[in-house]
Amino acid sequence: MFAVHLLAFHFTKLKEDQIKKVDRYLYHMRLSDDVLLDVMARFQAEMMKGLGRDTNPTATVKMLPSFVRSLPDGSEKGDFLAVDLGGSQFRAHQVKVFDDGKQSSQLESKFYPTPKEVIQGNRAELFDYVADCLLDFMETKNLKHKKLPLGFTFSFPCKQTKLEEGVLLAWTKHFKVRGVQDTDVVSSLRKALQKRKDVDVDVLALVNDTVGTMMTCGYDDQRCEVGLIIGTGTNACYMEEMRHIDLVEGDEGRMCINTEWGAFGDDGALDDLRTEFDRELDLGSLNPGKQLFEKMISSLYLGELVRLILLKMTKEGLLFNGKVSTALLTKGKIEMKHVSAMEKYKEGLSNTKEILTELNLFPSEEDCVAVQHVCTIVSFRSANLCAAALAAILTRLRENKKLLRMRTTVGIDGGLYKTHPQYAKRLHKVVRRLVPTCDVRFLLSVSGSGRGAAMVTAVAHRLAAQRQCIDATLAPFLLPLGILREVMDKMRAELEYGLKRETQANATVKMLPTYVCGTPDGTEKGKFLALDLGGTNFRVLLVKIKSGRRRSVQMYNKIFAIPLEIMQGTGEELFDHIVTCISDFLDYMGIKGARLPLGFTFSFPCKQTSLDAGILLNWTKGFKATDCEGEDVVYLLREGIKRREEFDLDVVAVVNDTVGTMMTCAYEDPNCEIGLIVGTGSNACYMEEMRNIEMVDGEQGRMCVNTEWGAFGDNGCLDDIRTIYDKAVDDFSLNAGKQRYEKMISGMYLGEIVRNILIDFTKRGFLFRGQISETLKTRHIFETKFLSQIESDRLALLQVRTILQQLGLNSTCDDSIIVKTVCGAVSRRAAQLCGAGMAAIVDKIRENRGLEHLEITVGVDGTLYKLHPHFSRIMHQTVKDLAPNCDVTFLLSEDGSGKGAALITAVGCRLREAEQN
């Protein structure tokens, strides 16, 4: 027993001595975590170079756009073909993808050899061979009568300009086919297929095997956004934000980047880590100085690296008693399969001894220990370097998403990863150590290059069909200039109907006289009160106007809420609430004893009979107070003040907010004769010639007309451009059939139009994986402010997803792009329709005045106009296109409903005094 223990101790001591000896000999191959973190940083720098337009030409890591913009979402279905060229065998596949809710697919394949004369021949021979193999496969599977989409896995560095187009940059993996480099390989395949009259396939996608691996695993796990190959060659791909890819136009969404990381270090960036054995291996390769990172980690080279190390150690007398065998002198004699077998520790040294004996090396026990440890160091270094580069990609993904901690999946394939007994475990362990902020799942791909190519094709097929449906749905929102001109002409006709006595009663655009006959001239002065009622908030203001050289306007205001029960209660309750708010403000300002002139901004359709009398025609914006429609709102206000018996006020003017906006801007720019509101609601006013206003006596001068254009189209004249979504919004509104133009252009309704489209798209499976959240079913939940935020150029899609998450919508990147497209279509149409209405007004003013060319200013207010990133620009351009003889300036109003009401009151007081004098 003692002898056995002594023998075991002796063997353990011998093993430890041999391991230490090899460790000392291969010291430079053992990489610490600090070194790996440094490699990780170097790789991140190379990624940045590869993504930049100016730095890409000199980058070693080429970061090639793959034009794969979407991952599988589980709704793919159909039959697809795939061909796979890139290894020792050529493969043809048929993939059936089932839309059965289980995300299942069926793969049938056939393998064909890749003869040396083909892979080192010319272009025609190679692609004819591929076409012949595909034809044979289709005959075998009885598919020749079908036209099927095909994905082409081509596992060599290609520069892609489209999903179905790629120019070969360089051959790798012993391929040396003449006439292919710098040409489009898809075009070559199509030409070869066209020669075969009985084959009808549609090549939809060119796919790198790494991308195929990611897509295959992405079908099984939707968190998968990285693909990794570690086999004969090595490469990685991942989903990068479009805004970072300078080589491709556009900044929305994501695209899979094929890193081609095998060339990392070709510029010398890894020279301090490369050993004499790496250099010797490189010099003896088919492509010296290229793919240096790949030569340090892929299975094609690790066996040869082990051979070179063993050869030198033997020559130095450290192995095999210094006897150099033919096997050690023969290039390629030791293969990766030998290395993997020798690292099966559970079998002790038996595998190592057997393999070395087969190579005529006749090893001792010490030799077996040393050789096994050499294999361990070489393969461990490979796993370490691979982990460092992968950690750089994972860190970039996490930073792109602005997450403190990220959960993701890496799809992985390749013989080294699959067959080496220790490799996968080592890789996982080191990755998790280098990026502790990433929870990484490694998912083994099943036939990634074939099934993956079919998946890319299936996704492309789905997206093309989906895009076609989306475009067709949104087509009615795209209004060409001819249609906009028709809208302008219809608006012009409606303006005329509203001005004429015999047609005014039936006109939809009521063209209400405001009795505002002048704009500020700079002499206005004094203290004025202003009330502003036009939405869910009510304001009371004190406005101090100074004239002369130091003319100025000072304002003090207080905001009061109007509860829903008062908005939709009785008229008496509403006006009592307004008077209570006024009383509160007068107390707050300490001016309850003064009888101040007051302007009442009342932003609802009114028929005015004088400056201080206005009959409410109908409520809008959610108001439904009873006993108000058909009544003079100034009278209702005065009655409310009487009931209060606390104070008295001189109500000089009832003012529409649009008129107030015009007056505010006219105080700054005398050329301002139009007011426009595009906010919760929409309206316009302008200075019309008195001779054209048949509802008011008098021919001289001008008067501001409140168009109340929101009702444009209520007679059906816009029905040809209204969509099913407009009709749905109208049908469920408080005032169905009314304010149809306003419902197509104003902030209160645009979000609701978008919500209806999103529900339709979700039902049709285009969005949110067909799952409609309860939140999305809630009317008015999609506020117009979300449109402004989503369409902001500065807002990345990640932030769009955050907005959608607030609405209970768990969106993908693709979902975000579709939502942004929908928002853009709806808001663009709104801006164009608003521009068509404004063009009708400015052109009418030009003709009224008999001018060939008109210069005029429009005072504008409203949150949609102010806050939406594109609305104002699109509207301005539409006016310019439709009214080319009008030079229109748009001036943003500062508090038109408050300041404007005070200015109208001031002008009214000035004119009243002049009349009395």
Side-chain angles (χ1 to χ4, degrees), residues 3-27 29-30 88 230-232 275-278 280-281 284-285 295-383 415-426:
V4 171
H5 282 301
L6 187 64
L7 190 65
F9 173 78
H10 174 72
F11 177 72
T12 304
K13 183 77 170 65
L14 178 146
K15 190 173 180 181
E16 286 175 359
D17 289 344
Q18 286 298 93
I19 287 172
K20 284 177 183 175
K21 181 172 72 176
V22 173
D23 281 345
R24 283 194 297 273
Y25 196 80
L26 298 179
Y27 172 77
M29 282 190 161
R30 296 177 62 81
S88 55
I230 320 167
T232 317
T275 64
E276 60 182 291
F277 308 110
D278 294 308
E280 189 175 347
L281 180 146
S285 69
K295 287 170 185 171
M296 295 170 83
I297 68 174
S298 80
S299 63
L300 188 63
Y301 301 99
L302 295 192
E304 181 62 7
L305 202 55
V306 167
R307 183 189 73 81
L308 291 171
I309 293 167
L310 298 185
L311 176 60
K312 187 173 182 191
M313 289 181 76
T314 305
K315 283 180 178 178
E316 293 180 9
L318 299 173
L319 289 174
F320 312 123
N321 294 318
K323 293 177 182 176
V324 178
S325 70
T326 307
L328 288 180
L329 292 169
T330 307
K331 184 179 175 183
K333 195 67 178 177
I334 297 179
E335 299 174 28
M336 193 62 220
K337 65 181 180 181
H338 298 133
V339 176
S340 295
M342 287 190 282
E343 283 196 74
K344 289 181 179 175
Y345 301 133
K346 288 181 181 176
E347 297 179 25
L349 297 174
S350 59
N351 273 359
T352 307
K353 190 164 187 175
E354 185 181 325
I355 290 164
L356 294 176
T357 302
E358 283 176 8
L359 295 170
N360 295 318
L361 291 169
F362 308 110
S364 65
E365 208 74 36
E366 294 97 317
D367 291 335
C368 290
V369 171
V371 170
Q372 189 181 63
H373 197 53
V374 167
C375 292
T376 298
I377 288 174
V378 168
S379 62
F380 214 126
R381 184 187 70 157
S382 166
L416 180 55
Y417 182 88
K418 286 178 176 177
T419 60
H420 190 284
Q422 316 295 333
Y423 200 96
K425 193 188 296 181
R426 289 170 185 164

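Note that the structure is a prediction, hence the values are computed from the model and not measured.
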For residues 311-318, dump all side-chain donor-acceptor pairs below 3.5 Å to protein atoms at least two apart in sequence or in another chain.
{"from": "K312", "atom 1": "NZ", "to": "E276", "atom 2": "OE1", "distance (Å)": "2.6"}
{"from": "K312", "atom 1": "NZ", "to": "E276", "atom 2": "OE2", "distance (Å)": "3.0"}
{"from": "T314", "atom 1": "OG1", "to": "L310", "atom 2": "O", "distance (Å)": "2.6"}
{"from": "E316", "atom 1": "OE1", "to": "Y25", "atom 2": "OH", "distance (Å)": "3.3"}
{"from": "E316", "atom 1": "OE2", "to": "Y25", "atom 2": "OH", "distance (Å)": "3.3"}

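Every residue two or more places apart in sequence or in another chain that forms a side chain to side chain contact (heavy atoms under 4.5 Å, CB included) with D278 is listed here: R274, T275, M296, L305, R381.
Here side chain to side chain donor-acceptor pair (under 3.5 Å) pairs that include residues 321-339, with residues two or more places apart or in two chains, number zero.
Contact record, I297 with Y423: O-OH, 4.2 Å, taken as the closest heavy-atom pair. When all heavy atoms are compared, the tightest approach of S379 to R426 is OG-NH1, 2.8 Å. Contact detail for L329 and R307: the closest heavy-atom pair is C-NH1, 3.7 Å. Across all non-hydrogen atoms, the minimal contact from L308 to F277 is CD1-O, 3.7 Å. Taking all atoms of both residues into account, the shortest heavy-atom contact from E343 to C375 is OE2-O, 3.2 Å. Closest heavy-atom contact between T357 and K353: OG1-O, 2.6 Å.
Between the T232 side chain and the L300 main chain, no donor and acceptor come within less than 3.5 Å of each other. Checking side-chain atoms of D23 against main-chain N and O of K20 turns up no donor-acceptor pair under 3.5 Å. One N or O on the side chain of T376 and one on the backbone of Q372 form a donor-acceptor pair closer than 3.5 Å. Using modelled atom types, no side-chain atom of S298 and backbone atom of K295 make a donor-acceptor pair closer than 3.5 Å. With hydrogens and angles disregarded, no donor-acceptor distance shorter than 3.5 Å links the side chain of D367 to the backbone of L319.
Two residues are said to be in side-chain contact when any heavy atoms from C-beta on lie closer than 4.5 Å; L302 and S382 meet this criterion. With a 4.5 Å cut-off on side-chain heavy atoms, K21 and H373 do not count as touching.
The line from CD1 of I377 to CD1 of I309 is 8.0 Å long, rounded to the nearest 0.5 Å. L356 contributes atom CG, which lies 5.0 Å from atom CZ of F320 (distance to the nearest 0.5 angstrom). From N360, atom CG reaches atom CG of L328 across 10.5 Å, with rounding to the nearest 0.5 Å.
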